[in-house]
There are 2 protein chains.
Amino acid sequence: MDIRTLCLGILTMGDATGYEIKKTFEDRLDLIFHASYGSIYPALNKLTEEGLVSCRELSQVKRPDKKIYSITASGRYQFIDAIMKRPAADRFRSEFLAVLMFAHLLPASKISELIDERISDRAQKIENLDNECDSKLTDREKFLCNFGRTIYQAEIDYLKDYRHLLESDALMDSRAAD
Amino acid sequence: MDIRTLCLGILTMGDATGYEIKKTFEDRLDLIFHASYGSIYPALNKLTEEGLVSCRELSQVKRPDKKIYSITASGRYQFIDAIMKRPAADRFRSEFLAVLMFAHLLPASKISELIDERISDRAQKIENLDNECDSKLTDREKFLCNFGRTIYQAEIDYLKDYRHLLESDALMDSRAAD
DNA sequence: TTGCATCTGTATCGAACTGATATATATTGG
DNA sequence: CCAATATATATCAGTTCGATACAGATGCAA
């Protein structure tokens, strides 16, 4: 599933401009999927060419025309087709964990700082989700929201419980270096 | 931190060929970071140009020469510099979760199947980590290995506990459609 | 023993995607 | 009153993926 397909999915929820689709990615899919203008606008052009979405232009004074996209019947079929297929594996990349892989090359204080920051970052993300969760309505959205909270909390708990493994490791190495 | 930098990091653990670096990504960084030949080989060329790694060629009979890369002193400094910087945010993309976002468009049976498969996939990943964890030695590696297990287990637990929210939702929608 | 899969090793290419940047104006809040 | 944020379009260079190509070695099962 590429961004083109997911734009189609967002349009099943109602007509939107490219700008609004970007916002939807940020507001409701932040946990799950990311997309930049550099992929959204070309995607919408291609979808239009292929007849999977239609586009009406709303001329505005002293601004670029607003282009409102709607999904077509054939677009809807194609989207259902796409989500019926087995989803590809998650893609995950964490610089934080990559750095920890080389913790022995850093001073112990740096490791502690890094973990402290990670914990407060995850806590912040949970707080954001808490706020969003209230206003969200469907069980489906609550499910995804709580999914995120659960995973973030599991990470915080793990870091708190086992950080000493890294911190003592680094400490020993730096002592050995003396 | 890009793949170029992480290749440098892998070379701090010992000399290696491009092929071996790829294997290291698969064997020891699978949880954390991914890289394909299409990024590794160009990265090594660029690192060589910049004098951050050196390369000696080992000619082999009826095979392309084996190129063994070593990190240089300046490469080592540059790598430490890179990991001292604040790590960028994780990048995460999950087609599985994206599909769940549109669960209301799928039959309830499909949702159940999807979740069943996800649970066994995560269980498999935990089993793989269990096996690897034994043979790994340093506290640092154990830390990362158990990190992965913990997160995967949290996901399984969550899915088991709350899948009914999605399954009943889908059921209601399909009844409503009748 | 033959044949098939997997391993070792190099490398490139098109397509996908990111992140920054450009261009304009309106609105909101401190 | 000014700065930040929001609305709205779009492109571009650089990064990365996934597939593919080539080619012999090695292992293993029928």
Side-chain angles (χ1 to χ4, degrees), chain A residues 1-8 10 15-27 29-30 32-50 53 55-69 82 87-95 98, chain B residues 1-8 10 15-27 29-30 32-50 53 55-69 82 87-95 98:
Chain A
M1 173 153 47
D2 51 15
I3 286 176
R4 234 175 82 247
T5 307
L6 209 48
C7 285
L8 219 45
I10 289 169
D15 297 355
T17 65
Y19 180 75
E20 285 164 343
I21 289 174
K22 175 72 157 69
K23 275 211 309 180
T24 303
F25 270 104
E26 282 162 7
D27 296 344
L29 294 169
D30 187 51
I32 293 172
F33 225 97
H34 294 261
S36 63
Y37 289 128
S39 49
I40 291 171
Y41 282 113
L44 290 170
N45 287 332
K46 211 172 179 188
L47 288 168
T48 308
E49 275 174 42
E50 291 167 0
V53 306
C55 170
R56 68 202 137 92
E57 291 196 30
L58 219 144
S59 61
Q60 301 187 117
V61 204
K62 299 231 182 195
R63 275 204 192 181
D65 289 357
K66 189 193 269 195
K67 293 184 181 176
I68 302 164
Y69 293 91
D90 294 359
R91 279 190 220 168
F92 179 59
R93 161 184 295 201
S94 173
E95 289 197 11
Chain B
M1 174 153 47
D2 52 16
I3 286 176
R4 235 175 81 246
T5 307
L6 209 47
C7 285
L8 219 46
I10 288 169
D15 296 356
T17 65
Y19 179 75
E20 286 165 340
I21 289 174
K22 175 72 157 68
K23 276 210 309 179
T24 302
F25 270 105
E26 282 161 8
D27 297 344
L29 294 168
D30 187 52
I32 293 173
F33 224 96
H34 294 262
S36 63
Y37 289 128
S39 50
I40 291 171
Y41 282 113
L44 289 170
N45 287 331
K46 211 170 179 188
L47 289 168
T48 308
E49 274 175 42
E50 292 167 0
V53 307
C55 170
R56 69 202 136 92
E57 292 195 30
L58 218 144
S59 61
Q60 300 186 119
V61 204
K62 299 230 180 196
R63 274 203 193 183
D65 290 357
K66 189 192 268 194
K67 293 185 181 175
I68 301 164
Y69 294 91
D90 294 359
R91 280 191 219 167
F92 180 58
R93 161 183 295 202
S94 173
E95 290 196 11

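Letters go in sequence order (proteins before strands), and every chain restarts at 1. Everything numeric here is computed off the predicted structure, so don't read it as measured data. Atoms considered below: every heavy atom in the structure, side chains included; atoms not considered: hydrogens, waters and symmetry mates.
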TODO: Please report, rounded to the nearest Å, how far the C1' atom of C:dG9 is from the CZ atom of B:R56.
DONE: 16 Å
Open item on the list: For a 4.5 angstrom cut-off between non-hydrogen side-chain atoms, does A:Y69 reach A:L47?
Closed with: no
Open item on the list: What is the distance, to the nearest angstrom, from the CD atom on A:E57 to the P atom on D:dT9?
Closed with: 10 Å
Open item on the list: Can you tell me how the ring of A:Y37 sits relative to the ring of A:Y19, calling it parallel under 30°, perpendicular over 60° and tilted otherwise?
Closed with: parallel
Open item on the list: Whole angstroms only, please: what is the CD1-P distance between A:I21 and D:dT7?
Closed with: 15 Å
- [ ] Find the distance A:K22:NZ to C:dA20:P and express it as a whole number of Å.
- [x] 11 Å
Task: A:K67 side chain near D:dA10 phosphate (N/O to OP1/OP2, under 4.0 Å) - done: yes
Task: B:L58 CG to C:dT8 C1', straight-line distance once rounded to whole Å - done: 13 Å
Task: A:D15 CG to D:dA8 P, straight-line distance once rounded to whole Å - done: 14 Å
Open item on the list: Is it the case that the side chains of B:T5 and B:D2 hold a donor-acceptor pair, with the cut-off being a distance below 3.5 Å and no angle test?
Closed with: yes
Open item on the list: I need the CD-P distance between A:E26 and D:dT5, as an integer number of Å.
Closed with: 14 Å
- [ ] Kindly assign one of parallel, tilted or perpendicular to the pair A:F92 and B:F92, based on the angle between their ring planes and the thresholds 30° and 60°.
- [x] perpendicular
Task: Separation between NZ of B:K67 and CG of B:L44, rounded to the nearest 0.5 Å - done: 9.0 Å
Open item on the list: Using every non-hydrogen atom in the two residues, find where A:L6 and A:M1 come nearest and quote the distance to one decimal.
Closed with: CD1-SD, 4.1 Å
Open item on the list: Output the rounded distance in Å from CG (B:N45) to P (D:dG14).
Closed with: 17 Å
Between the protein and nucleotides 15-19 of chain C, list the N/O to N/O atom pairs that are separated by less than 3.5 angstrom.
unit_1, atom_1, unit_2, atom_2, d
C:dC17, OP1, B:R93, NH1, 3.0
C:dC17, OP2, A:I3, N, 3.4
C:dT18, OP1, A:H34, O, 3.1
C:dT18, OP2, A:S36, N, 3.3
C:dT18, OP2, A:S39, OG, 3.2

Open item on the list: Is the phosphate of C:dT8 approached by B:K23 (side-chain N or O, under 4.0 Å from OP1 or OP2)?
Closed with: yes
TODO: Could you tell me whether the phosphate oxygens of D:dT7, OP1 or OP2, come under 4.0 Å of any side-chain nitrogen or oxygen in A:Y19?
DONE: yes
Open item on the list: Looking at every non-hydrogen atom in both residues, tell me the closest pair between A:H34 and A:I3 and how far apart they are.
Closed with: O-CD1, 3.7 Å
